[in-house]
Amino acid sequence: MRAEDALTAATTAATEWHQTPRTQQGPRRSVEEIYGADVFGPRVMRERLPKETYKAFMRTIEQGERLDPSVADVIASVMKDWAIERGATHFTHWFQPLTGSTAEKHDAMLIPAGNGEVVTQFSGADLVQGEPDASSFPSGGLRATFEARGYTAWDPTSPAFIVRGPNHGTLCIPTAFVSWTGEALDKKTPLLRSIDAISKQAMRILALFGTDEGVRSVRTSLGTEQEYFLVDRNLYFARPDLVTCDRTLFGAKPPKGQELEDHYFGAIPQRVIAYMAEVEEELYRLGVPVKTRHNEVAPGQYEIAPIFEETNVACDHQMLVMEVLKRVAPRYGLQAILHEKPFAGVNGSGKHNNWSLATDTGVNLLDPRDEAHTNLQFMVFLCAVIRAVDLHADILRASIASAANDHRLGANEAPPAIISIYLGDMLTDLLEQLEKGTPKRTLKGGALDLGARTLPQIPRHSGDRNRTSPFAFTGNKFEFRAVGSSAAVSWPNTVMNTIVAESLDFIATELERAVAGKARKDSLESACKKILKAIVKEHKRVVFNGDGYSESWQIEAEKRGLPNLKDSIAAFRVLGSRQARALFKKYKVLKPAELESRVSIFYEKYTKQIQIESEQMVLMGRQLILPAAVRHQIELAEAVMAREGADIDAAEAREDLRAFCDLVDRFRQKIDALDQLDDASPEGDPVRHAEYLKNKVIPTMDDCRELGDQLETHISADLWPLPTYRELLFIR
């Protein structure tokens, strides 16, 4: 589609949407009616399963007991009947391979009976195990092409659900994905292992404090804020870079972007909020507890956020959020873009990862309570996180590394690549007291008097928030703000769980040694203060409450010895270190071969993504921008000839033509250079290939973009072949 046609179609579609009255289709169903309607969760199971089967299943979920095959048969039979009643005809093992997205293979629940009829069939074996081909998914060397066997294994802790289409329903069963040799080929398996690891170590702390009565496990909880862009679908298909790369490779800055700060939390456009409402309804049906929707900072940018859930379920639900955002948008003539930086010069998109720790009885272990200085157990968990982030800041940084996130980290809307912790005034004061001795006070926020009698006094928090911090304490949780918007959150949470498990293990071991054979209460308090004082002294360097965007912080962080891994290539190297291998192996989260495979896949994805963008840039330069530039050049030349033919001074027009021709020539040369670099890319060694792309190809792409964007500002609007930023960001 030509840019002019796309613009006409987009403006027409947007105008019609706003002018056409919406037909009334009866009252909308309430949230209570639709929430979880397509989820085979505990409520449905409690109603439909035999009592003993239900109890056995809940013991598997809550206590980790292995599920008896006979129990699986009963559950499968009930699940099949429930799904068919709700219109499902097929089932699939829904899993998360190392592609970063989800995968599924559908099988019918209808079996020929041999007499011209069919029967429905879905056994316990069908529920528990599947066998997708493992050779065509990324494995990082764990599986060769000829080694095809892989298994999916039912994850009973994440409920099955039905995905609907206009004429179909599919029962989706969340599963792990492993190879024939048992190695994890997915993102879920290591996550589940890390959840077990942190639970085991946290339970040791609770046992020391005597607060483990009735507690069977400690669970991490998660809430992820998903940012995304929406563009008109007609304009989207007129941009080859958006279609192929999910980001614009060219695009001049428009006169108005986000400078006026009028989009953030502004009134949501009519077409967008109608889209949001349908997204929410689909997610409600799938049991995803979405709560927040609003305009984000950049024009055309929005956010959706759920309330907290257990981390494994939250990670599954986050994948569903991304899928539903993409799936619903075309119904409204829109395209959802999840790339971290689809548009230069305006805010990119992240996925704020709100992480906490809680017992299975509902006690938040990162809640400081009103008198935090008396809550020694809270201080243990707080200091464990501080120690973990300081010791393993490089691994935590590597967990969010990608070619896409390199465009965003350190920019004006994202935290820097330096990992630091923001604690706020109250907790920082608490740590300072702890380092000096016994904490005696907890800072209070008080109340704010707003100065008008009609306005209430509102409670004031004990500390401000810091948007420039990559890892911030926000009341009773930590917000890991550096995660990219297109990322699957399973991997950063696997890393977070593992590094905190290691710190809890360290503290528990020290405390157990200190209190062995002594009166528990006094010796525990004394030992805690001694250990926590040492942790604060050694690891307080990672605490920073200031402006993470400032140049002075870059200098200060270097003085403190904090790692500054500025790009993904530097970050990937960390995961290949002896320290990383030992960490994941010790807590049985990843075997060395499993970790090495992931590093290999990260490099491979990085190189493929950059290569695709580079080749697309060459095509756009040659097929779209240069032809438009030549036509504009001809028009300028004809104008010069017309002036000279009329005996009018053409000196300035000739100089404009000369300058424009020079710009076109430089752009052509850079495009040719980029094409040559693509042809010369080294094959074989993925590390060498990635470094070549970073050092040679990306700088040349930046040069091409700069020149291409200059051309956009000079070429006649009727000749420019691409929808502009003004159109992409503001037609709603």
Side-chain angles (χ1 to χ4, degrees), residues 340-341 347-348 350-353 355 385-423 428 466-473 478-485 487 491-492 495-496 498-500 502-503 535-581 583 598-599 602-603 606 610 687 690-696 698-699 702:
E340 282 74 2
K341 196 76 170 179
N347 277 19
K351 187 176 296 183
H352 301 168
N353 192 97
W355 177 93
V385 175
I386 293 170
R387 178 183 179 275
V389 173
D390 184 37
L391 278 182
H392 304 293
D394 52 357
I395 298 177
L396 196 60
R397 163 67 179 92
S399 75
I400 47 89
S402 70
N405 217 15
D406 279 354
H407 294 288
R408 170 180 166 267
L409 287 182
N412 64 325
E413 82 286 358
I418 302 167
I419 300 296
S420 64
I421 297 178
Y422 170 80
L423 292 180
T428 301
N466 189 328
R467 296 186 72 249
T468 71
S469 175
F471 202 89
F473 188 81
F478 281 96
E479 183 181 25
F480 190 18
R481 295 176 55 87
V483 182
S485 54
W491 174 234
V495 171
M496 211 176 311
T498 306
I499 65 176
V500 174
E502 188 273 335
S503 274
I535 289 175
V536 172
K537 185 175 182 179
E538 184 176 354
H539 300 290
K540 65 180 180 181
R541 65 175 186 165
V542 79
V543 177
F544 177 66
N545 292 339
D547 182 2
Y549 296 162
S550 67
E551 290 185 15
S552 61
W553 169 233
Q554 304 278 328
I555 298 168
E556 173 64 22
E558 186 175 359
K559 289 179 181 178
R560 295 188 186 190
L562 299 179
N564 186 2
L565 305 174
K566 295 183 179 181
D567 57 61
S568 291
I569 304 303
F572 293 155
R573 292 192 197 105
V574 170
L575 295 174
S577 68
R578 181 181 303 175
Q579 178 193 19
R581 288 196 300 271
L583 173 71
R598 279 151 179 78
V599 176
F602 294 153
Y603 276 114
Y606 178 93
I610 299 301
V687 178
E691 289 177 343
Y692 172 87
L693 293 171
K694 184 193 80 169
N695 296 326
K696 299 284 188 180
I698 291 177
D702 292 340

Chemist: Could you pull out all residues at least two apart from Glu538 that satisfy salt bridge (charged side-chain N to carboxylate O under 4.0 Å, His left out)?
Modeler: none

Chemist: In Å and rounded to the nearest 0.5 Å, what is the CG to OG1 distance from Leu583 to Thr498?
Modeler: 6.0 Å

Chemist: What pairs with Phe572 under ring-ring contact (aromatic ring centres under 6.0 Å, His included), at least two apart in sequence or on another chain?
Modeler: Phe602, Tyr603

Chemist: Taking it one step at a time, do Phe544 and Leu562 satisfy side chain to side chain contact (heavy atoms under 4.5 Å, CB included)?
Modeler: CA-CA 11 Å; Phe544 177 66; Leu562 299 179; over 6 Å; no

Chemist: By side-chain contact (heavy atoms from CB on, under 4.5 Å), which residues pair with Asn564, not counting sequence neighbours?
Modeler: Ala417, Ile418, Gln554, Lys566

Chemist: How far does CZ of Arg387 sit from NE2 of His392, to the nearest 0.5 angstrom?
Modeler: 6.5 Å

Chemist: Do Gln579 and Asp394 have side chains that approach each other closer than 4.5 Å (heavy atoms only, starting at C-beta)?
Modeler: yes

Chemist: Could you work out, with side chain to side chain donor-acceptor pair (under 3.5 Å) as the rule, every residue matching Asp390, not counting sequence neighbours?
Modeler: His539, Arg541

Chemist: According to side chain to side chain donor-acceptor pair (under 3.5 Å), who are the partners of Asn545, at least two apart in sequence or on a separate chain?
Modeler: Thr428

Chemist: Taking the side chain as every heavy atom from C-beta outward, state whether Ile569 and Arg573 have any pair of such atoms under 4.5 Å apart.
Modeler: yes

Chemist: Are the side chain of Ser577 and the backbone of Val574 linked by a donor-acceptor contact shorter than 3.5 Å?
Modeler: yes

Chemist: Of all heavy-atom pairs between Ala388 and Ser503, which one has the smallest distance, and what is that distance?
Modeler: N-OG, 3.2 Å

Chemist: Please examine the side chains of Arg481 and Tyr422, heavy atoms only from C-beta on, and report whether any two atoms are closer than 4.5 Å.
Modeler: no

Chemist: Does Glu558 have any salt bridge (charged side-chain N to carboxylate O under 4.0 Å, His left out) partners at least two apart in sequence or in another chain, and if so, which?
Modeler: none

Chemist: Tell me, with the steps shown, if Val389 and Leu396 meet side chain to side chain contact (heavy atoms under 4.5 Å, CB included).
Modeler: CA-CA 7 Å; Val389 173; Leu396 196 60; 4.3 Å; yes

Chemist: I'd like to check Phe480 versus Ile400 (side-chain heavy atoms, cut-off strictly below 4.5 Å). Are they in contact?
Modeler: yes

Chemist: How long is the straight-line distance from CG of Leu575 back to CZ of Arg598, given to the nearest 0.5 Å?
Modeler: 11.0 Å

Chemist: Partners of Ser550 by side chain to side chain donor-acceptor pair (under 3.5 Å), sequence neighbours excluded?
Modeler: Ser552

Chemist: Can you confirm whether Phe473 sits close enough to Val385 that some side-chain heavy atom of one is under 4.5 Å from a side-chain heavy atom of the other?
Modeler: no

Chemist: Answer yes or no: is there a side-chain heavy-atom contact under 4.5 Å between Val500 and Trp355?
Modeler: yes

Chemist: Using the test ring-ring contact (aromatic ring centres under 6.0 Å, His included), find all partners of Tyr606 that sit at least two apart in sequence or belong to another chain.
Modeler: none

Chemist: Please enumerate all residues that pass side-chain contact (heavy atoms from CB on, under 4.5 Å) together with Lys696, with sequence neighbours excluded.
Modeler: Leu677, Tyr692

Chemist: Pairs in or reaching into residues 396-406: which pass side-chain hydrogen bond (donor to acceptor under 3.5 Å, both in side chains), with residues at least two apart or in two chains?
Modeler: Asn405-Arg408, Asp406-Ser568

Chemist: If you define the side chain from C-beta out and look only at heavy atoms, does anything of Ile386 sit under 4.5 Å from Ile421?
Modeler: yes

Chemist: Restricting to side-chain contact (heavy atoms from CB on, under 4.5 Å), what partner residues turn up for Glu556, sequence neighbours left out?
Modeler: Trp553, Lys559, Arg560

Chemist: Between His352 and Glu479, does any side-chain donor sit less than 3.5 Å from a side-chain acceptor?
Modeler: yes

Chemist: Who are the side chain to side chain donor-acceptor pair (under 3.5 Å) partners of Ser485, not counting sequence neighbours?
Modeler: none

